[in-house]
Amino acid sequence: MRGWLRWMWRQLTSMRVALLLLLLLAVVALPGAFFPQRSVDPNAVQQYFLDHPDTAELLDSLHLFDVYSSPWFSAVYLLLFVSLIGCIVPRTWVHLKNLRAEPSRVPSRFTRFEVRGQTRALGTPDEVRERLRVALGRRYRRRLASERGKAADGATRTALTISAERGYGRETGNLVFHLALVGLLVVTAWGQLVHYRGQVVLIEGDTFVNAPLDFDSFDTGSWFGPESQEPFRVRLDSFESEFTVDSQPREFIAGVTLTTTDGSTRTEDIRLNHPLETNDTRVYLTGNGYAPRFTVTDGTGEVAFSGAVPFLPTADPNYTSNGVVMVPDANDGEHQLGFNGVLLPTAAADEEGNLTGSAYPQPFDPAVVLNVWVGDLGLDSGVPQNLYLLDTTDMDQVTTTEDGTESPLQVTLRPGESAELPDGLGTITFEDLPRFAAFDVRHDPSIVWMGVFAGLAFAGLVASLFLPRRRIWVRLVEGTDGATVVSAAALARGDDPGLQRELDRVLAVLDDDRPATTEEDR
Amino acid sequence: MNSDLGDISTLLIYGAMASYVVAMIAFAVDVSALGIGAPRDRRRRAAGIGMATMWLGAGLQLVAIVVRGLAAGRVPWANMYEFTLMFTFFVVAIFLGLQTRRDVRYLGVGVSMLAFLALMLAVTVLYVEADGVQPALRSYWLVIHVSVATLATGLSGLAAMISVAQLVKARTERAGARGGRAPVTAAATSTATAEVTSGATADLGPGATATAVAETTTPKQPRATFGSRIIEALPPSANMERLAYRLNAVGFVAWTFTLVAGAIWAEHAWGRPWGWDPKETWTFVIWVIYAAYLHARVTTGWAAEKFAYFALVGFMAVLANFYIVNIFFSGKHSYAGL
Ligand code: HEM
């Protein structure tokens, strides 16, 4: 059993398996680019279920709509990281030991190295060695030694040696890089546990409080505690947008007032790429549109509804928007009223005056076109209601009779206009047209740490790829003519096109006073 | 914004494209001279013309990019058209830079063709008027993130081209080492043969000697063909592999930077650093492929050709990330497109 475990561990931390896992990670990440993901676009997943009812179930059971939280994706990256840790931790110890050790000894024969040099220099070996030592520069760690050996003529001679090494940073960088990846994974997981995120739609003049109940949707990690929710209030004072003549958006600015617990307030603009930052929370602008304000009176003349209702922009760049007005209190709830329809910020009409669409995103000539429904809105059924969709199952559409044919009633209103509903149902007034802005409020303390680890990883990577790791060995023997015979070799880790140049550079200090070299010296 | 300037930029791009076509023809002439038996050390007039027109094309393109930026009043890399201008410029510029240090004219045909085809696709399909950008792209991260992405694409592209040359060369080297169909032996100078054999000895399998014997017993004069002479003139595949590796290593750093900068921007713009948007997913996949390539290169003793295939797969993913993901996948990056 122990043997097996050890075998498995050795396999897992082997480079071959690590490589396999790395490739596997690329493969298992890809399906998420082809199938809609719940975490990215839940509506697209719903749509997929509608479009492909026969395969969606199967795909779902394989987690293809939640690839990045699926067991198989998690298995691959967790194994990879276990492998990584198993591989890096021992290397870290070895490296720490190497950092304190002296460079390795001079190898006995230089012929097995590709990069070598040979020269002669005036002076004693000691003097020459000193000059080489200086020439190596501070980047190199050096170990100076001497060795005794027999020369070709049988006499014992002493050789002085230098072994020099530079580029420990390459390995340091590599280890930092890999460890930083582990750090990145850990802080990401931690962020998942402690973060919260809320979404809220504010109409101009509205305020929200940073508390779970005030959000339209709110989700948190499982370690989230309410105390991490910084208390503040944000009021949307104004919303402005800018478009080109061909309706391309150029600027969205949400002017807000931030009020903190100590009562201090400050105003700020929230734009795309420019969130509002409080102490540890960020508020992002994620959407915008129009929220026409209506007043509805019922048959008894009572005001049954008064307020602004966000209409959701469609894909139309001119902000044709869809929305719903629900009036549950109309007629004491007996005959509830519902309206659904479109808002056209700049209504365009054909020759007969029928509205055809919106011509521009700004509200130059806004109009709403509404269908009218009467009956039961279904708000009490307990089923969560989509506020942008009218459930008409228990409602009847109000119709109008013109020239003897009955057709659905469409109410077209411009700001300030009212319409009388038939059969004494009441009236509806389009008061004015404020704008709304949608915000994401997010707190995630891991973000800073992600940045730190990503930065470390990047720096480590650059060091690991581009810092040369080089060893240079020199042996100096006293020559027959009072000069010193210098032989040298160099070795690098990985590809190092500059190695020979580096050795030549070091040896070049001896050039200026080299005794005339003969052919055989070379 | 300033449509006159925009038109000037487009005209300059046409000029650059024309230069690349001339360069491509010149390089092709140079290469075919080899193919019909011109000595390798001849004066390569055609290649010289090719290099000169490449410089001209790169110069025109650089001016075109700058003018485009002036016309739009922002950095000129905010849509697919401009992205193409940038990355093709980098491919050409890195090629020209390499040429100042070593002879890489063998890449000339490939580089000029890639630049021309990518620009062709850009002006015909991807073209948009020079204009401002939507608010989502108004950020200094556009400057940082996208420019480095174009550089990374250029590096990966040039490296992939070298890998192709390497694979072609390695095939003949292997054949040469087996002694059989070796096209080199007939026309080659002695140095060429030495290169070929030394380059490929590592690939000699157990059956190699047997093949060699079989070949010598049925002697036939191997003929130097048009293609074989061209291939012979390529540098040894091991050298090309090293060059491709260096470019890919720099490319990997650039991809890493793109990824990290993209995450920081996403955090500013969308409130999350990472969300597995299709673009993010593909970039991640590219990054992992190149990481695997580097690992294999550093730690395994594989035959060099495998690394080349790796790098090619990596570049395919890069192309898919640009052309396929931008156009056919909907995600938060969709607006960067057409
Ligand atoms: C998330 C997974 C991993 C990623 C993204 C990754 C990435 C990298 C990168 C970019 C390099 C630099 C390449 C170079 O120095 O040329 C590298 C080197 C290296 N990695 Fe990893 N790695 C991962 C996992 C692993 C694992 C699991 C192991 C061990 C089994 C490992 C061991 C090594 C080694 C030995 C080197 C070579 C350093 C050298 O000699 O220069 N890595 N890695």
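The chains referred to below are lettered A, B, ... by the order of the sequence lines, with proteins before strands, and numbering in each begins at 1.
The OH atom of Y293(B) lies 14.0 Å from the CG atom of L23(A); values are rounded to the nearest 0.5 Å. From D41(A), atom CG reaches atom CG of D277(B) across 10.0 Å, with rounding to the nearest 0.5 Å. Atom-to-atom distance recorded for F252(B):CZ and L465(A):CG is 7.5 Å, nearest 0.5 angstrom. Distance check: I264(B) CD1 to M450(A) CE gives 11.5 Å after rounding to the nearest 0.5 Å. We find the CG-CG distance between L272(A) and L137(B) to be 9.5 Å, quoted to the nearest 0.5 Å.
Ring planes of F73(A) and W276(B): perpendicular class, angle over 60° (limits at 30 and 60°).
In terms of heavy-atom pairs under 4.5 angstrom with chain A, the leader among V285(B), V260(B), L259(B) is V285(B). Contacts with chain A were tallied for R297(B), R242(B), E267(B), R246(B); E267(B) has the most, counting heavy-atom pairs under 4.5 Å. The residue among V462(A), T188(A), V40(A), L19(A) with the most heavy atom pairs within less than 4.5 Å of chain B is L19(A).
Across A33(A) and W282(B), no two heavy atoms sit closer than the pair CB-NE1, 3.5 Å. Taking each heavy atom of P135(B) and P249(A) in turn, the nearest pair found is CD-O, 3.3 Å.
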Does the side-chain contact (heavy atoms from CB on, under 4.5 Å) test come out yes or no for F466(A) and V253(B), once each step is laid out? CA-CA 10 Å; F466(A) 304 127; V253(B) 171; 3.6 Å; yes

Show, in sequence, the C-alpha distance, side-chain angles and deciding distance for F257(B) and F458(A), and conclude whether the side-chain contact (heavy atoms from CB on, under 4.5 Å) test is met. CA-CA 7 Å; F257(B) 187 89; F458(A) 185 76; 3.7 Å; yes

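In this structure, the side chain of R250(A) engages the main chain of G132(B) through a donor-acceptor pair within 3.5 Å. Between the side chain of R271(A) and the backbone N or O of R138(B) there is no donor-acceptor pair closer than 3.5 Å.
The closest side-chain heavy-atom distance from H295(B) to M15(A) is below 4.5 Å. Contact check for T281(B) versus Y68(A): side-chain heavy atoms found under the 4.5 Å cut-off. Counting only heavy atoms from C-beta outward, the side chains of H274(A) and H268(B) never approach each other to under 4.5 Å.
Heavy-atom distances place both the backbone and the side chain of F252(A) under 4.5 Å from chain B. At a 4.5 Å heavy-atom cutoff, the contact between V250(B) and chain A is made by backbone and side-chain atoms alike. If you measure heavy-atom distances from E251(A) to chain B, the contacts under 4.5 Å come from both the backbone and the side chain. With a 4.5 angstrom heavy-atom cutoff, L21(A) does not touch chain B via any of its atoms.
Counted within 6.0 Å of CH2 on W274(B), heavy atoms from surrounding residues, nucleotides or ligands total more than 12; the atom is thus considered enclosed.
Between the side chains of W265(B) and N273(A), a donor-acceptor pair is found at a separation under 3.5 Å.
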